Amino acid sequence: MRRLFGESAFADRAGRAVGCGLPGAGFTAEMTALVEGGAEGIDISPEQDVFGIEREPEWAFRFIAHEYVIFLLRRALAGEDAFRSVETWAITAGLAEHYLQKALGGGAPFGPGSRYADFFTRMNGSPAELYRAAKAWKR
């Protein structure tokens, strides 16, 4: 994982895409065999998420990268309700996928937010502006 993230300069690219840098001490992806078949990408602290170790490296890279973008969006969307309700999770996850695709130069969206991928691609603005536009569009 260190090699994949280092060679891709992902943290810098994601920070530029989202428009905010790494806050505080940073982000740590804890990888373990203990969550196999269970929930993953779960915050175990404000700066740490836990992931299973059983995935192929490229898939694990994309999953961790997605969660890293979520980590950046927590800062970029601090004034929004993006992380206060399950009702807005698909929008937030879709926004994370949008910025992940920008940072990686493409790739297929995944997860509950994939339906927002094309919507965000057609728009310009800050993360907060895109988030608000998606909430209005959802209705």
Side-chain angles (χ1 to χ4, degrees):
M1 288 290 91
R2 287 183 195 272
R3 181 183 58 77
L4 289 171
F5 278 95
E7 288 175 0
S8 69
F10 178 76
D12 292 335
R13 292 168 67 184
R16 282 192 303 273
V18 174
C20 68
L22 186 63
F27 177 81
T28 302
E30 298 288 335
M31 298 185 77
T32 180
L34 298 175
V35 296
E36 186 172 354
E40 297 180 70
I42 304 298
D43 300 341
I44 56 176
S45 81
E47 296 86 23
Q48 292 179 295
D49 280 15
V50 66
F51 301 89
I53 202 164
E54 72 283 349
R55 287 194 174 79
E56 293 296 318
E58 291 76 20
W59 202 100
F61 170 81
R62 186 161 175 87
F63 187 22
I64 293 168
H66 171 87
E67 292 300 319
Y68 180 79
V69 173
I70 296 267
F71 177 72
L72 294 178
L73 285 174
R74 287 186 189 281
R75 183 172 173 204
L77 298 174
E80 305 297 326
D81 62 355
F83 296 96
R84 297 185 194 134
S85 171
V86 174
E87 292 176 10
T88 60
W89 184 245
I91 295 171
T92 307
L95 193 56
E97 275 301 298
H98 169 69
Y99 287 114
L100 180 61
Q101 288 176 356
K102 287 180 89 167
L104 294 178
F110 73 95
S114 61
R115 68 181 177 178
Y116 291 97
D118 187 50
F119 176 79
F120 288 127
T121 302
R122 293 177 278 145
M123 302 192 67
N124 291 312
S126 71
E129 290 166 336
L130 295 179
Y131 175 78
R132 283 185 229 121
K135 278 184 65 176
W137 178 69
K138 177 183 170 189
R139 293 179 190 183

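What you see is a predicted model; the values in this text were computed from it and never measured.
- By the 4.5 Å heavy-atom criterion applied to side chains, W137 and I91 are not counted as neighbours.
- Side-chain contact between Y131 and D81 is present, with at least one heavy-atom pair separated by less than 4.5 Å.
- Considering OG1 of T92 and CD of E87, their distance stands at 12.0 Å, rounded to 0.5 Å.
- Distance check: F61 CZ to R55 CZ gives 14.5 Å after rounding to the nearest 0.5 Å.
- The closest side-chain heavy-atom distance from I64 to M31 is below 4.5 Å.
- Of all non-hydrogen atoms in H66 and A93, the two that sit nearest each other are CE1-O, 3.6 Å.
- The shortest side-chain heavy-atom distance between L95 and F120 falls under the 4.5 Å cut-off.
- Of all heavy-atom pairs between K102 and A17, the closest is CB-CB, 4.1 Å.
- For the pair F83/R74, a side-chain contact is recorded, criterion being any heavy-atom separation below 4.5 Å from C-beta on.
- Using the six-membered ring where Trp is involved, F10 and F5 have ring planes that are perpendicular, over 60° apart on the 30 and 60° scheme.
- Here the side chain of T28 pairs no donor or acceptor atom with the backbone of Q48 at under 3.5 angstrom.
- Under the side-chain hydrogen bond (donor to acceptor under 3.5 Å, both in side chains) criterion, E54 pairs with no residue at all, not counting sequence neighbours.
- When all heavy atoms are compared, the tightest approach of A133 to M123 is CB-CE, 3.4 Å.
- Under the rule for a side-chain contact (heavy atoms from CB on, under 4.5 Å), the partners of S126 that lie at least two apart in sequence or sit in another chain are A128, E129.
- In summary, E97 and R62 engage in a salt bridge, as defined by a charged side-chain N under 4.0 Å from a carboxylate O.
- Side chains of I70 and D49 form no contact here, defined as non-hydrogen atoms less than 4.5 Å apart.
- By the 4.5 Å heavy-atom criterion applied to side chains, Y99 and L72 are not counted as neighbours.
- Contact detail for P127 and L73: the closest heavy-atom pair is CB-CD2, 3.9 Å.
- Nearest approach of A76 to C20, heavy atoms of both residues: CB-SG, 4.3 Å.
- Using cut-offs of 30° and 60° on the angle between ring planes, the pair Y116 and F119 is perpendicular.
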